[in-house]
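So the structure is just underneath, and the comments pick up after that.
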Amino acid sequence: MFDLNSLNPPQQEAVLHDKGPLLILAGAGSGKTRVITHRIAYLVEERGVSPYSILAITFTNKAAKEMRERAERLLGSATSGMWVMTFHSMCVRILRRYAVHLGYTQDFTIYDTDDVKSQMRKIMKDLNINSKQFSPRVFISAISKAKNECISADEFAKTAYDYIDKQIARVYKEYQKRLQDNNAMDFDDLLLNTVILFDTVGEALNYYNDRFQYIMVDEYQDTNTAQFRLIKHLANHRNERGEYEHNLCVVGDDDQSIYKFRGADITNILSFENTFINAKVIKLEQNYRSTQKILDVANEVISHNYGRKDKKLWSAQDGGADVTFIQYGTDIEEATGVVREIQKKVDNGALYSDFAVLYRTNAQSRLFEERMIRMNMPYKLVGGVNFYQRREIKDILAYLKILVNPRDAAQIMRIANVPKRGIGDTTLDKLAEYADYTGCSLYEAMCSESGRASAPRAAKKIEEFVELIESFKEYKAENTIEELIGHIVAEIDYKDYIAAIDEDDDKTNDRMENISSLVDKAVDYEENAGADASLEDFLSEVSLVADIDMVDDDKDAVMLMTLHGAKGLEFPCVFICGMEENVFPSGMSQEPGEIEEERRLCYVGMTRAKKELTLTCAKQRMIHGMTTANNASRFIMKDVPRHMLHIAGHAHESFMHNYKSSLDPYKITRTSPYENPYTAYKKASASYSSASSAGDVPVRELTPAAPTGPGFEVGDMVNHPRYGAGKVTRIDKGSKDFEITVDFDGISRKMLASFAKLTKI
């Protein structure tokens, strides 16, 4: 039995609204799940609505399970027949009943990601599409995006004008044909085919329109086009007089829309009142999670977004600790300082599990992991494995370890065919047998003619591998560890290798960022070790970290995770680290719509904190092997008034006042306080696009990636981010990249063009 008295007035209003469209703007920590479940209980117990007529949709199985259990606690067995499930589960249930209308049987197969990849490779081979020109991920991503936007293969083909789109259209059409031939659907098909079903089969749509009298959708800000169309179809219930009721209740927070990269369309929630006329809007602004001081800062940050609905979180937990902003000298000092602060609080009675360290990208976790291990601090890395256990890191370290200890057979077995070079498991097994028989190491077997003769079909490939390793040994003798890692990555085309494996640009970029973080580690080590630096000692230091067992999930531990991974969670104390321009907000997200999503991500991170929130940045940070200096994030410097922050570290008064307004290149305000935020959002984007085309928007210069030519000549004066001014004395063209030799005040350094980050003076 539910009790309305346990709800605050806006929550009660949302529960009691039982006719017509309803938008519940549920701020972070405002009790939205409680409202949804109480609304279900009210409809069943007080309004006499059959549970059979209620549909509640959310995004994750975990959320659906929690919602179902809460409803059952309120209603008991009265929830029988109610649909409480994810979008995809709902679509499967509908399609099992009506798939025959689309040319499938009811026992169609659902393809997972690996099935899709396998099918795509076959199609590309059959259509004679060069996999070196096009990766399967290009087609998979494009087709998924098209399906999420409800664009069929035939519709895509009609608008395919350039070469790439025409290739995608060919593959899309063949892919759908094979899915149909195999009586299979992928995850995106589940949504799209249900939309097509409702568009074309009146019997199916009428059935569910008649059945579902009340529909509730959680996390509405995360819906894509296909999900929006499904909701719109399902909400067309007619009453006994034949009138559309649109008893649709959507719950969401436009300020927490952070999944555009997955296809989420924030305009679905911003334009809800335009789509469903006479919609009621109720704001849940009381926060039950955080202190008021934390909410004050979060409110100030998000208020700078144009594409949002006006609301302001407040808490009965008045006051609380000040939000702290600390600027450290370097990223190493930042990690050290955060870890020490956590340990100090634990020494004073806190639990490790009270703390979460949040950051923009997974690559930022390394420094925190290392320092926690050194201090014997338990931690749990969410969304990834221990940094040194990641595949890409272990691959590169294996190459380095072979150069130090060629007898290490485990490392040879790991990378003899990484990237693939025709030395498979069978070949390695034959070499291992020869090595055992003769008493030599696996690498010695590979070096000898008689050893290679044990695997004659791969003899040439084995010889080439040995030559590669020997060339790395020679390079090692004359270059730094930083340069050696870059050389290995370039020579073996590692990025192309992992791109072919991952078939996911984001994942490939993450892996390369992790390798860049390994380079950062090498630079740190060499700078600290000075003349005593050696590859042997570097690997020993790394092995100490890599060999530490990870903390069990059920133990008291600090949480390390990205800001995206933290959504839906809460912690007593939160550190948001790396709050610098080009880190957070990301340097890859600089257009207005992208900056607004980055700001929403900041807001999500801040509202995870219950009692204490600390924001940190560094004056210098190692990125891609280079020391960079960035301003503190605009989310601190521009968005938050000085009096709301307790400032520590290198920050000071003038630091807070010297931030230039040019970081926000567009200024659009609403023409009135009643202007639709969707309209203001569109104006801001249009203004930026117009200014950009006219050349009025400042453009941040980026150093290009690996060039087709080095862009330098012998004699050029250049600047290096770490070594300063120098003169190019030699340029050598390698097999994969240009090697540039630069004289820095009498010290000659060699570097690869793609890693050097040199600029002409």
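Numbers here simply count residues along the sequence, with the first being 1. No experiment lies behind these values; they were computed from the predicted model shown. Below, each value reflects all heavy atoms present in this structure, side chains not excepted, and no hydrogens, waters or symmetry copies.
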Exercise. Run the numbers on Asn630 and Arg621 for side-chain contact (heavy atoms from CB on, under 4.5 Å), then give the verdict.
Key: CA-CA 8 Å; Asn630 294 312; Arg621 181 175 300 276; 5.6 Å; no

Quiz item: Can you find a heavy atom in the side chain of Arg34 that is under 4.5 Å from one in the side chain of Arg70?
Solution: yes

Quiz prompt | Check: Asn509/Glu513 side-chain N/O donor and acceptor closer than 3.5 Å | solution = no

Self-check item: N/O donor-acceptor pair under 3.5 Å between Arg608 side chain and Leu569 backbone
Solution: yes

Quiz item: What is the minimum heavy-atom distance between Gly605 and Ile576, and which atoms define it?
Solution: C-CD1, 3.6 Å

Quiz prompt | Heavy-atom check, side chain of Lys309 versus side chain of Glu273, under 4.5 Å | solution = yes

Practice problem: Can you see which heavy atom on Tyr214 is nearest to which on Val49, and at what distance? | Solution: CE1-CG2, 3.5 Å

Self-check item: CZ-OG distance between Arg360 and Ser633, expressed to the nearest 0.5 angstrom
Solution: 11.5 Å

Quiz item: Does any N or O in the side chain of Gln11 come within less than 3.5 Å of the main-chain N or O of Val35, such that one atom is a donor and the other an acceptor?
Solution: no

Self-check item: ring-ring contact (aromatic ring centres under 6.0 Å, His included) involving Phe59 - partner list, sequence neighbours excluded
Solution: Phe87

Quiz item: Are Gln317 and Arg289 close enough that some pair of their side-chain heavy atoms sits under 4.5 Å apart?
Solution: no

Quiz prompt | Short side-chain to backbone donor-acceptor contact, Asn148 and Asn224, under 3.5 Å | solution = no

Self-check item: Under 3.5 Å: donor-acceptor pair, side chain of Glu13, backbone of Pro9
Solution: no

Self-check item: Interatomic distance, Tyr603 atom OH to Asp253 atom CG [nearest 0.5 angstrom]
Solution: 5.0 Å

Exercise. Evaluate the criterion side-chain contact (heavy atoms from CB on, under 4.5 Å) for residue pair Lys380 and Met561; output intermediate values, then yes/no.
Key: CA-CA 9 Å; Lys380 179 182 178 184; Met561 67 183 74; over 6 Å; no

Quiz prompt | Test item: Arg68 side-chain N/O and Met82 main-chain N/O as donor-acceptor pair under 3.5 Å | solution = no

Quiz item: Within a strict 4.5 Å, meaning less than it, do heavy atoms of the Asn631 and Met637 side chains meet?
Solution: no

Quiz item: Taking 4.0 angstrom as the limit, do Glu570 and Lys610 come out as a salt bridge?
Solution: yes

Practice problem: Kindly give the heavy-atom pair with the smallest separation between Ile40 and Ala56, and that separation in Å. | Solution: CD1-CB, 4.4 Å

Quiz item: Got a second to check how far Asp265's CG is from Phe228's CZ, nearest 0.5 Å?
Solution: 9.0 Å

Quiz prompt | Name of the residue among Glu581, His304, Glu598 meeting side-chain hydrogen bond (donor to acceptor under 3.5 Å, both in side chains) with Arg634 | solution = Glu581

Self-check item: Distance (rounded to the nearest 0.5 Å) between Leu615 CG and Phe325 CZ
Solution: 7.5 Å

Quiz item: Counting only N and O atoms by type, is there a donor-acceptor contact under 3.5 Å from the side chain of Thr607 to the main-chain atoms of Val604?
Solution: yes

Exercise. Could you tell me which residues satisfy side chain to side chain contact (heavy atoms under 4.5 Å, CB included) with Pro21, sequence neighbours excluded, listed by chain and number?
Key: His246, Phe272, Phe276, Ala279

Self-check item: Tyr328/Gln620 under side-chain contact (heavy atoms from CB on, under 4.5 Å): CA gap, chis, key distance, verdict
Solution: CA-CA 8 Å; Tyr328 292 93; Gln620 293 184 339; over 6 Å; no

Self-check item: Parallel, tilted or perpendicular, as decided by the 30° and 60° cut-offs, for the rings of Phe368 and Tyr359
Solution: parallel

Quiz item: Are any of the side-chain heavy atoms of Tyr259 and His564 separated by less than 4.5 Å?
Solution: yes

Quiz item: So, does Thr562 use its side chain to make a donor-acceptor pair with the main chain of Thr361 at under 3.5 Å?
Solution: no

Exercise. Return yes if some donor-acceptor pair links the side-chain N/O of Lys283 with the main-chain N/O of Asp310 below 3.5 Å, else return no.
Key: yes

Practice problem: For the pair Asp255 and Lys311, find out whether any cationic side-chain nitrogen is under 4.0 Å from an anionic carboxylate oxygen. | Solution: yes

Practice problem: Flag yes if more than 12 heavy atoms outside Lys19 fall under 6.0 Å of its NZ atom; otherwise flag no. | Solution: yes

Only pairs under 3.5 Å count here: list side-chain donor-acceptor contacts from residues 23-31, not counting sequence neighbours, and write none if there are none.
from  : atom 1 : to    : atom 2 : distance (Å)
Ser30 : OG     : Gly27 : N      : 3.2
Ser30 : OG     : Gly27 : O      : 2.6

Donor-acceptor pairs under 3.5 angstrom involving side-chain atoms of residues 292-302: please list them, not counting sequence neighbours.
from   : atom 1 : to     : atom 2 : distance (Å)
Gln292 : OE1    : Ser315 : N      : 2.7
Gln292 : NE2    : Asp296 : OD1    : 2.9
Lys293 : NZ     : Gly320 : O      : 3.4
Lys293 : NZ     : Asp322 : OD1    : 2.7
Asn299 : OD1    : Leu313 : N      : 3.2
Asn299 : ND2    : Leu295 : O      : 3.1
Asn299 : ND2    : Leu313 : O      : 2.8

Quiz item: Once you round to the nearest 0.5 Å, how far does CE of Met377 lie from CD1 of Ile342?
Solution: 5.5 Å

Quiz item: Of all heavy-atom pairs between Pro10 and Ile282, which one has the smallest distance, and what is that distance?
Solution: O-CG2, 3.6 Å

Exercise. Taking the side chain as every heavy atom from C-beta outward, state whether Cys577 and Val338 have any atom pair closer than 4.5 Å.
Key: yes

Quiz prompt | Short side-chain donor-acceptor distance under 3.5 Å, Glu334 and Thr616 | solution = yes

Quiz item: Under a 4.0 Å N-O cut-off, is there an ion pair linking Glu370 with Arg366?
Solution: yes

Quiz item: Minimum heavy-atom separation for Lys567 to Ile258, with atom names?
Solution: CD-CD1, 3.6 Å

Quiz prompt | Which residues share a salt bridge (charged side-chain N to carboxylate O under 4.0 Å, His left out) with Lys32, sequence neighbours left out | solution = Asp218, Glu219

Self-check item: Least distance between heavy atoms, Ile266 atom then Gly307 atom
Solution: CD1-O, 3.9 Å

Self-check item: Value rounded to 0.5 Å, distance of CG in Leu367 from CG in Asp520
Solution: 7.5 Å

Self-check item: Qualifying residues under side chain to side chain contact (heavy atoms under 4.5 Å, CB included), relative to Arg340, sequence neighbours excluded
Solution: Thr336, Met375

Exercise. Decide if atom CG of Asp347 counts as having more than 12 heavy atoms of other residues, nucleotides or ligands within a radius under 6.0 Å.
Key: yes

Quiz item: Would you call Arg599-Glu596 a salt bridge at under 4.0 Å N-O?
Solution: no

Exercise. Any chance you could lay out the side-chain contact (heavy atoms from CB on, under 4.5 Å) test for Leu563 and Phe584, step after step, and finish with the verdict?
Key: CA-CA 10 Å; Leu563 287 147; Phe584 187 38; 3.6 Å; yes

Quiz item: Would you say the side-chain atoms of Ser365 pair up with the backbone N or O of Asn362, donor to acceptor, closer than 3.5 Å?
Solution: yes

Practice problem: With the side chain counted from C-beta on, respond yes when Glu580 and Asp331 share a heavy-atom pair under 4.5 Å apart, and no when they do not. | Solution: no

Self-check item: Glu333 backbone acceptor or donor facing Thr330 side chain under 3.5 Å
Solution: yes

Quiz item: Just wondering, do Val250 and Asn268 contact through their side chains at under 4.5 Å, heavy atoms?
Solution: no

